[in-house]
Amino acid sequence: MITLDQMQEKTLTLADVMELTQAAGDPWKLSHVRRVLRLIGIIGEGLVYDETAVTIATYLHDWGAYPRFQQPGVEHALRSRQLAEEMILPRMDLTETAVAVILETIEYHDYRDFRPVCSTEALLLREADFLDFLGIIGLVREYGRGPQDMVSAYQRVLGRREKIENRFTLPIAQKIAAERLARLAQCVQWLEEESFDWL
């Protein structure tokens, strides 16, 4: 497996980026990448886009949130873009257009970013990432993040849902979002009932 120290010694491939993400992150974050890639394939059906570029962007989009790369005061999407731009993409055999698409896709993916995207790839990653915060998987992700504070996790679930639920533009993403929002609403109702509204 390639390490970060070995990066300067070779031209990086997509397989290397996958390995580096696995080494830099953890199983929880890698499973997020895999789910998002699957969602991109589903919601991107019938669209023309650079599959390699969006795959690279998806593997790199959360690097700025990994403990080894975090920088205080720097939002994770911007930090992820910086890492991609400085450490990874210069060592890959990519066109200028592909690099620009990857950087935009990484930088604009976060649900707190309301700027419009220019590329289909950026739209796909953004909406797939949004979907991974909804439904049962979204609920479990929030509670899995910890700490052992049910009220905080509950508030994060509701807050994220509020910021995401009306932002889908791709028809298939809208359909999946509606299904996941319905499941999430049912789960939240059960959670409130079983906690006697105390959580």
Side-chain angles (χ1 to χ4, degrees), residues 2 7 11-22 24-25 28-66 69 75-135 137-138 141 160 163-181:
I2 191 170
M7 282 195 307
T11 299
L12 297 177
T13 65
L14 175 56
D16 294 327
V17 171
M18 293 175 179
E19 286 189 25
L20 287 167
T21 302
Q22 185 171 359
W28 187 82
K29 290 179 176 71
L30 195 60
S31 64
H32 168 62
V33 167
R34 290 176 176 147
R35 288 191 306 272
V36 169
L37 283 171
R38 180 72 180 108
L39 285 165
I40 287 170
I42 294 168
I43 67 176
E45 185 178 334
L47 298 178
V48 176
Y49 63 94
D50 184 333
E51 187 174 339
T52 299
V54 80
T55 301
I56 292 168
T58 303
Y59 271 94
L60 299 176
H61 80 283
D62 278 338
W63 273 38
Y66 296 172
F69 296 128
E75 198 279 319
H76 90 278
L78 291 175
R79 178 66 177 142
S80 297
R81 178 196 164 112
Q82 178 187 36
L83 293 164
E85 191 169 23
E86 295 175 2
M87 295 172 49
I88 305 296
L89 301 182
R91 295 174 178 84
M92 298 189 78
D93 185 18
L94 298 166
T95 65
E96 287 184 22
T97 300
V99 169
V101 165
I102 292 166
L103 293 175
E104 180 208 7
T105 302
I106 293 169
E107 181 179 344
Y108 287 56
H109 82 271
D110 192 86
Y111 74 96
R112 292 163 288 206
D113 193 333
F114 285 86
R115 295 175 293 172
V117 296
C118 296
S119 69
T120 302
E121 293 81 4
L123 181 62
L124 286 168
L125 177 56
R126 176 181 272 184
E127 297 203 5
D129 196 57
F130 288 178
L131 286 170
D132 202 49
F133 281 115
L134 298 179
I137 195 71
R141 284 184 68 191
R160 213 181 289 259
K163 290 179 179 161
I164 292 173
E165 62 186 341
N166 295 315
R167 297 196 45 210
F168 295 93
T169 61
L170 297 168
I172 300 174
Q174 290 172 335
K175 181 177 182 295
I176 295 170
E179 292 167 355
R180 290 189 177 201
L181 283 162

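Keep in mind that this is a model prediction, so the values were computed, not measured.
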d(D93 CG, L14 CG) to nearest 0.5 Å is 13.0 Å
Value for CD (Q174) from CG (L131), rounded to nearest 0.5 Å, stands at 10.5 Å
Checklist entry - Does the E85 side chain pair with the main chain of L103, one donor and one acceptor, at a distance under 3.5 Å? => result no
- Query: Checking R126 side chain against D113 main chain: does a donor-acceptor pair fall under 3.5 Å?
  - Reply: yes
By side-chain hydrogen bond (donor to acceptor under 3.5 Å, both in side chains), R35 pairs with (sequence neighbours left out) S31, D132
Subject >> Heavy-atom neighbours of E51 CD exceed 12 at 6.0 Å >> reply: no
Check: When you measure from the side chain of E121 to the backbone N and O of A53, does any donor-acceptor pair fall under 3.5 Å?
Finding: no
Just wondering, more than 12 heavy atoms not from R38 lying within 6.0 Å of its CZ?
no
Between the CG atom in L60 and the OG1 atom in T55, the distance rounded to the nearest 0.5 Å is 10.5 Å
Check: Y59 main-chain N/O paired with T21 side-chain donor or acceptor under 3.5 Å: yes
Quiz item: With no hydrogens and no angle check, is any side-chain donor or acceptor of R180 less than 3.5 Å from a backbone partner on I137?
Solution: no
| task | Mind telling me whether H32 and F133 have parallel, tilted or perpendicular rings, with 30° and 60° as the class edges? | result | tilted
Scanning both residues in full, the closest heavy-atom pair of L124 with G44 reads CD2-CA, 3.5 Å
Taken to the nearest 0.5 Å, the spacing of L123 CG from T105 OG1 works out to 9.5 Å
Separation between CD (E107) and NE2 (H61), nearest 0.5 Å, reads 14.0 Å
Check your understanding: Is a donor on one side and an acceptor on the other found under 3.5 Å between the side chain of R79 and the backbone of F69?
Key -> yes
TODO: Please step through side chain to side chain contact (heavy atoms under 4.5 Å, CB included) for the pair I88 and L12, ending with a clear verdict.
DONE: CA-CA 8 Å; I88 305 296; L12 297 177; 4.2 Å; yes
Checking L134, L181, I43 against F168 for side chain to side chain contact (heavy atoms under 4.5 Å, CB included), the one that qualifies is L134
Next on the checklist: Donor-acceptor check, side chain of E127 to backbone of L170, threshold 3.5 angstrom: yes or no?
Outcome noted: yes
CE of M87 to CD of Q82, rounded to nearest 0.5 Å, is 10.0 Å
